[in-house]
There are 2 protein chains.
Amino acid sequence: MSIEHIKKPLVAVDTVIFTVKDNDLYTLVIKRLHEPFKDQWTLVGGFIDVDKDESIEDTAKRKLAEKTGVLTPYVEQVETIGNATRDPRGWSMTTAYFALISSDNVELKSMRGAVDTKWTKIVDNNIVEKLAYDHEQILSNCLDRLRSKVLYTTLPAYLLPDEFTISEMQKIYEIILGKTIDRKSFQRRMFNANILEETGDMKESGRRPAKLYRLIEKNYTHYFLRNMEGA
Amino acid sequence: MSIEHIKKPLVAVDTVIFTVKDNDLYTLVIKRLHEPFKDQWTLVGGFIDVDKDESIEDTAKRKLAEKTGVLTPYVEQVETIGNATRDPRGWSMTTAYFALISSDNVELKSMRGAVDTKWTKIVDNNIVEKLAYDHEQILSNCLDRLRSKVLYTTLPAYLLPDEFTISEMQKIYEIILGKTIDRKSFQRRMFNANILEETGDMKESGRRPAKLYRLIEKNYTHYFLRNMEGA
DNA sequence: GTAATAGTGTCTCTCAGACACTATCGA
DNA sequence: TCGATAGTGTCTGAGAGACACTATTAC
């Protein structure tokens with residue numbers, strides 16, 4: 001059988017991009033302009049363009065750049081779903097990624113009056129918008145991956161600005177996990193990991209000023225040997 | 001732009017199936033019968049058949065069943081690689097899985113004189129056969145995933161027969177990790193996890209007989225909160 | 001002074017590593 | 001008896017959770 005005669009599935013990429021703003025976790029959704037599912041919300045994604053994209057991760061990054069206006073600092077592949085029923089147009093597959101970006105760094109193209117793109121708050125594992133296709137399942141799986149990694153990595157650092165206080169870092173962890181963490185335990189864990197250095201400056205906040213830190217290695221993720229309590 | 005005009009990539013599935021026999025970890029490889037890469041070894045895989053396969057995981061399981069003769073008890077998706085250069089026939093992608101099976105359960109179709117399929121030993125992260133495409137990279141990534149999961153899960157149980165001694169279980173862990181584990185620590189960890197029950201029988205071996213155990217829940221994987229020493 | 005947040009001291013508990021000791025088999 | 005493997009007792013140390021205490025700011 002020659003390769004030309006194989007019926008090929010439709011191939012897409014979808015990314016769940018997370019950011020944290022104030023006291024909440026947000027993700028970016030887009031309104032579809034065409035059928036199927038016209039006017040419904042979806043994740044950031046699209047078909048692979050064999051002419052434009054050198055690799056599948058390029059597709060993810062290109063779509064993200066188009067929607068957020070910046071290069072996303074962290075992108076991780078989560079899963080690929082493919083079956084006969086998820087798209088009414090036929091057998092289709094999608095590779096799902098999740099991305100993290102500091103809300104300080106995101107140039108909110110989407111918030112500049114664009115009606116077809118918006119950041120939506122994640123409350124109790126869900127968002128108010130109904131998502132088309134199986135995108136709610138994908139969002140849920142990406143959230144699970146993020147939450148489980150938060151228990152044993154320093155991934156949330158990608159959600160912080162370049163300089164931050166230890167309390168701000170802890171707050172990000174707490175927002176993702178949806179629960180509070182003991183301050184002393186958190187600080188001991190982070191300081192022992194040797195990933196932070198003091199900037200020398202303090203953050204003034206009206207109360208006692210806090211030391212500012214930055215990551216010693218900007219794109220390094222530390223893996224701890226023990227989980228934080230996940231129960 | 002209509003959906004029919006999008007140029008679609010080639011889509012394949014490849015699986016690294018592991019088994020442990022005697023004192024070594026093995027994986028199944030296949031010799032290609034056609035160009036490109038005719039007569040070179042590859043992983044177990046093939047193109048998605050949009051008519052036969054309901055889902056992408058079905059493809060993986062179907063290909064495995066064809067080659068091993070049995071339903072594989074554990075299959076996990078690892079990654080999807082897609083780019084313009086990995087296949088000389090054009091932009092192609094593959095979703096990689098790894099599978100685990102007890103050497104007792106595998107009906108070695110491949111060993112019954114088939115010259116195009118064989119189990120090959122993994123020594124130092126590698127096999128003697130050179131693999132076509134980027135399959136060595138895929139093998140390496142699946143091995144990494146397996147090794148890292150062994151440090152905090154009971155996944156290796158899928159490599160054991162239904163009834164086994166705790167020493168046999170430990171041996172599997174040691175073979176995968178390539179290092180010895182303290183017996184007392186290992187037993188404490190497994191017994192505290194509450195995943196094993198005594199069968200009541202003993203395994204006679206010429207020396208002191210050992211208690212036989214089985215999994216309380218056959219398809220449950222326990223996740224520990226702490227890693228074994230991975231350093 | 002108070003309120004609020006930053007920062008530290010320290011006790012307890014869990015569990016992994018290390019390692020020694022005992023038990024039970026065949027020869 | 002010995003050699004080999006099975007099974008257990010127990011000490012140590014790392015690090016997480018809990019929680020109390022001190023420090024520094026604005027008011």
Side-chain angles (χ1 to χ4, degrees), chain A residues 22-23 148-154 160 163-175 177-213 222-231, chain B residues 22-23 148-154 156 160 163-175 177 179-213 222-231:
Chain A
D22 302 323
N23 283 312
S148 84
K149 279 206 152 181
V150 161
L151 296 175
Y152 61 92
T153 71
T154 54
L160 287 163
E163 301 192 355
F164 51 86
T165 69
I166 198 79
S167 293
E168 289 169 343
M169 188 180 198
Q170 179 174 341
K171 189 71 195 168
I172 300 270
Y173 275 76
E174 291 176 338
I175 290 166
L177 292 174
K179 60 194 295 190
T180 58
I181 301 168
D182 182 84
R183 276 166 54 239
K184 180 66 195 219
S185 298
F186 183 81
Q187 293 182 18
R188 187 176 40 209
R189 193 172 164 91
M190 293 306 154
F191 292 146
N192 285 345
N194 250 39
I195 53 165
L196 302 178
E197 64 182 4
E198 301 184 7
T199 66
D201 298 326
M202 304 292 279
K203 171 140 183 172
E204 311 290 340
S205 64
R207 299 289 169 229
R208 177 175 174 176
K211 284 183 184 170
L212 278 166
Y213 296 89
H222 183 82
Y223 284 71
F224 297 95
L225 290 182
R226 292 200 202 174
N227 280 10
M228 291 194 302
E229 71 172 7
Chain B
D22 301 323
N23 283 311
S148 85
K149 280 206 154 182
V150 161
L151 296 176
Y152 60 93
T153 71
T154 54
L160 288 163
E163 301 192 355
F164 50 87
T165 70
I166 199 78
S167 292
E168 289 169 344
M169 188 181 197
Q170 179 173 341
K171 190 71 197 169
I172 299 269
Y173 274 76
E174 291 176 338
I175 290 166
L177 292 174
K179 61 194 294 188
T180 58
I181 302 169
D182 181 83
R183 276 167 54 239
K184 179 66 192 211
S185 298
F186 183 81
Q187 294 181 18
R188 187 176 40 208
R189 193 171 163 92
M190 293 305 154
F191 292 145
N192 284 346
N194 250 40
I195 52 164
L196 302 178
E197 64 183 2
E198 301 185 7
T199 67
D201 297 326
M202 305 291 280
K203 171 140 184 170
E204 311 289 340
S205 63
R207 299 289 169 228
R208 175 175 176 176
K211 284 184 185 169
L212 279 166
Y213 296 89
H222 183 82
Y223 284 71
F224 297 95
L225 290 182
R226 294 197 201 176
N227 279 12
M228 292 195 302
E229 71 173 5

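No experiment lies behind these values; they were computed from the predicted model shown.
With rounding to whole Å, B/Q170 atom CD is found 9 Å from D/dA6 atom P. Computed from coordinates, the A/I181 CD1 to D/dG15 P distance equals 18 Å when rounded to whole Å. Going from atom CG of A/N192 over to atom P of D/dG17 covers 13 Å, rounded to whole Å. Straight-line distance from the CD1 atom of A/I166 to the C1' atom of C/dT8: 14 Å, rounded to whole Å. For B/M190 and C/dC15, the CE to P distance is 14 Å, given to the nearest whole Å. In this structure, B/Y152 places its OH atom 21 Å from C1' of C/dT14, rounding to the nearest Å. As a whole-Å value, the separation of A/L177 CG from D/dA16 P is 14 Å. Per the geometry, CZ belonging to B/F186 stands 12 Å off P belonging to D/dA6, to the nearest Å.
Every pair passing salt bridge (charged side-chain N to carboxylate O under 4.0 Å, His left out) that includes a residue from residues 186-200 of chain B is listed here, sequence neighbours excluded: B/E197-B/R214, B/E198-B/K211.
Scanning for ring-ring contact (aromatic ring centres under 6.0 Å, His included) contacts around A/F164 gives an empty result, with sequence neighbours left out. Partners of A/F186 by ring-ring contact (aromatic ring centres under 6.0 Å, His included), not counting sequence neighbours, listed by chain and number: A/Y173. Applying the side chain to side chain contact (heavy atoms under 4.5 Å, CB included) test to B/K149 and every residue at least two apart in sequence or in another chain returns B/Y74, B/E76, B/R145, B/Y152, B/T153, B/L155, B/Y223.
Between atom CG of residue B/N194 and atom NE2 of residue B/H222 there is a gap of 9.0 Å, rounded to the nearest 0.5 Å.
Across B/M190 and B/I166, no two heavy atoms sit closer than the pair CB-CD1, 4.1 Å. Between A/V150 and A/M228, the shortest heavy-atom contact is O-CE, 3.8 Å. Closest heavy-atom contact between B/N23 and B/K171: OD1-CE, 2.9 Å. When all heavy atoms of A/I181 and A/L177 are compared, the closest pair comes out as CD1-CD1, 4.3 Å.
Within 4.0 Å (heavy atoms only), B/S167 reaches sugar-phosphate atoms of the nucleic acid but no base atom.
Near DNA chain C, defined here as any heavy-atom distance below 4.0 Å, the residues from residues 197-209 of chain B are B/G206, B/R207, B/R208, B/P209, listed numerically.
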Output one line per pair: protein atom, nucleotide atom from nucleotides 10-14 of chain D, and distance, for all N/O pairs under 3.5 Å.
| unit_1 | atom_1 | unit_2 | atom_2 | d |
| --- | --- | --- | --- | --- |
| D/dA14 | N3 | A/R226 | NH2 | 2.7 |

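Summary of the strand contacts: A/F224 and B/Y213 both lie near DNA chain D, and taking for each the nucleotide with the nearest heavy atom, the more 5' one is attributed to B/Y213.
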